[in-house]
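I have placed the structure first, in the form of structure tokens, so that the comments after it can refer back to it.
Just so you know, these numbers come straight off a predicted model, no measurement behind them.
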Amino acid sequence: RSSDLIVHGSCYNGLMNILVAYGTYSGSTKLVGERIQQKLSKLGHTVDLVDMRMANVESFDSYDAFVLGTNTWYEKNEEGMMNGAYLNFKDTVTDKMLFKKRPVAVYALGDEIQYLQFCKSAGHLEEMVREFDGTIVTPALRISRFYFDPKSKEAEIDAWILNALQGFTAPKVMPAA
């Protein structure tokens, strides 16, 4: 229909095709990704959940928006790094226009009590998104100690994804940290 908006080559009628990708070692980042997928799917969006180790960059053009999640880990001799799957992605993907200005939201898991670099991985992941021409549309969700009580974090995750969704439909550029 002529009243529909064309976004990234797909017909946009308020519903989006969204990729939720995650990098995890213990499974917690995947659990948050599953919560995000469920929330967005209930709202009518088409949502794929993919382990970043298995992500196919050839398929990125089929998505209107992205949610990227990472744990915070000790990688490359530095505490507070994003998951190794993203480091590998960053080192091997050559298309620096991969996200094509499309909206991206980032979440990170960490432990603000036991580690000095609480969710520093979120900043690293946002920097990578910008390097690949993505548009960060909301401040990163930083979740501490998710693995101790996942249920207690559900409201925080739900509120954040609704905020991110507003950014997906009316993208704005978040300044670099």
Side-chain angles (χ1 to χ4, degrees), residues 1-24 27-71 82-83 85-90 92-109 121-122 124-143 146 153-174:
R1 295 178 314 185
S2 62
S3 63
D4 288 337
L5 202 65
I6 302 299
V7 177
H8 303 292
S10 63
C11 183
Y12 179 73
N13 59 3
L15 299 178
M16 303 179 89
N17 191 20
I18 301 170
L19 175 65
V20 177
Y22 62 89
T24 190
S28 294
T29 312
K30 179 183 180 183
L31 291 174
V32 173
E34 289 171 347
R35 177 78 185 185
I36 291 168
Q37 178 188 35
Q38 291 168 357
K39 185 75 171 173
L40 290 170
S41 294
K42 283 182 182 177
L43 294 170
H45 301 282
T46 301
V47 185
D48 293 328
L49 180 68
V50 176
D51 184 323
M52 201 56 195
R53 292 173 298 178
M54 309 304 288
N56 176 3
V57 296
E58 307 296 321
S59 71
F60 276 36
D61 277 344
S62 66
Y63 296 102
D64 301 307
F66 303 84
V67 178
L68 305 179
T70 184
N71 58 312
M82 60 189 165
N83 184 276
Y86 286 106
L87 295 172
N88 184 53
F89 176 89
K90 184 177 177 180
T92 58
V93 172
T94 58
D95 181 4
K96 295 299 181 186
M97 303 297 280
L98 184 65
F99 291 110
K100 298 181 173 89
K101 305 276 189 238
R102 284 173 288 185
V104 181
V106 168
Y107 70 93
L109 278 64
S121 58
H124 289 295
L125 189 49
E126 288 176 329
E127 181 181 315
M128 186 199 81
V129 166
R130 288 183 183 98
E131 287 176 24
F132 286 94
D133 201 37
T135 302
I136 300 294
V137 296
T138 191
L141 173 62
R142 290 171 166 85
I143 303 173
F146 175 83
K153 307 296 182 179
E154 289 179 353
E156 180 182 6
I157 295 165
D158 292 351
W160 176 80
I161 197 57
L162 290 175
N163 188 54
L165 190 56
Q166 289 178 350
F168 289 170
T169 57
K172 56 188 176 295
V173 178
M174 295 296 301

Where is the tightest heavy-atom contact between [X] and [Y], given as atom of each residue plus distance?
| X | Y | value |
| --- | --- | --- |
| Val47 | Gln37 | O-NE2, 3.2 Å |
| Met52 | Ala85 | CB-CB, 3.9 Å |
| Leu19 | Tyr63 | N-CD2, 3.4 Å |
| Val67 | Ile161 | CG2-CD1, 4.0 Å |
| Ala122 | Ala140 | CB-CB, 3.8 Å |

Please name all residues satisfying salt bridge (Lys or Arg N to Asp or Glu O under 4.0 Å) with Asp51, sequence neighbours left out, ordered by chain then number.
Arg53
One should read off an interatomic distance between Glu58 CD and Leu98 CG, to the nearest 0.5 angstrom, of 9.5 Å
Looking at side-chain heavy atoms only, is the closest gap between [X] and [Y] below 4.5 Å?
| X | Y | result |
| --- | --- | --- |
| Thr135 | Val137 | yes |
| Phe66 | Ile18 | no |
| Ser62 | Asn17 | yes |
| Lys153 | Val32 | no |
| Asp64 | Phe168 | no |

Short question: side chain of [X], backbone of [Y] - any donor-acceptor pair under 3.5 Å?
| X | Y | result |
| --- | --- | --- |
| Tyr86 | Ser121 | no |
| Thr70 | Asn83 | yes |
| Trp160 | Thr138 | no |
| His45 | Leu15 | no |

Under a 4.0 Å threshold between the charged nitrogen and the carboxylate oxygen, would Asp133 count as salt-bridged to Lys96?
no
Check ion pair Arg102-Asp61 (N to O, under 4.0 angstrom):
yes
